[in-house]
> 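Take a look at the following structure, please.
We use all heavy atoms of the structure for the numbers below, so side chains are in, but hydrogens, waters and symmetry mates are not. All figures in this text were calculated on a predicted structure; none of them were measured in a lab.
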Amino acid sequence: MSPAAEPARKTSFGIAALTSVLLQAGAVTGLAQLGSQIEIFGFGDEPGPNARAFPLVALGLLALSVLCRLITNRHRPDQPIGPAADIAKTLAV
């Protein structure tokens, strides 16, 4: 069988894995920067949730769900990322 006739190989790290890694990096970066942000409004000195409670929960759930997806699909074949020229065209659009 010639190399040109071989079917495209599926890899363990492809488009879906790349997207998940980028989402994970964004969620972890957001969680790390959440404490240093200026609080615009607050509920006073009352105990309970503050203005950062919802973003903390949302980013935490995003990070946890993406981590679970990466763990469960680590051995599943994925579509290859492709040539850099195609990726550059996609990002340009």
Side-chain angles (χ1 to χ4, degrees):
M1 186 181 260
S2 67
E6 289 182 18
R9 292 184 183 175
K10 294 199 175 204
T11 62
S12 61
F13 189 83
I15 295 172
L18 177 65
T19 305
S20 295
V21 166
L22 291 176
L23 275 172
Q24 183 72 18
V28 170
T29 302
L31 283 170
Q33 292 180 352
L34 190 61
S36 65
Q37 293 178 352
I38 299 171
E39 188 174 343
I40 296 176
F41 70 93
F43 299 116
D45 292 331
E46 298 177 15
N50 58 12
R52 293 184 183 101
F54 178 74
L56 179 69
V57 171
L59 288 171
L61 286 174
L62 177 65
L64 183 65
S65 64
V66 170
L67 182 65
C68 289
R69 187 206 182 286
L70 283 171
I71 290 171
T72 57
N73 293 334
R74 68 176 177 245
H75 295 297
R76 183 175 294 169
D78 197 3
Q79 292 294 327
I81 294 174
D86 291 342
I87 295 172
K89 289 177 188 175
T90 302
L91 292 176
V93 170

> Please give me the minimum heavy-atom distance between G60 and L31, naming the atom from each residue.
N-CD2, 4.0 Å
> Please name the pair of heavy atoms, one in T29 and one in A25, separated by the smallest distance, quoted to 0.1 Å.
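Shortest heavy-atom separation between T29 and A25 comes out as OG1-O, 2.7 Å.
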> Tell me the closest heavy-atom pair linking L34 and P55, and the distance in Å.
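That would be CD1-CB, 3.9 Å.
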> What's the shortest heavy-atom distance between S20 and V66, and which atoms?
O-CG1, 3.1 Å
> List the atom of Q24, the atom of A63, and the distance in Å for their closest heavy-atom pair.
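Heavy atoms only, the tightest pair is OE1-O, 2.9 Å.
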> Nearest 0.5 Å, please: how far is CG in L67 from CG in L23?
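So the gap between those two atoms works out to 12.5 Å.
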> Mind checking the CG-CG spacing from L56 to L61? Nearest 0.5 Å is all I need.
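Those atoms lie 9.5 Å apart.
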> State which residues pass side-chain contact (heavy atoms from CB on, under 4.5 Å) with L18; sequence neighbours excluded, sorted by chain then number.
F13, L22, I81
> Measure across L70 and A17 and return the closest heavy-atom pair with its distance rounded to 0.1 Å.
CD2-O, 4.2 Å
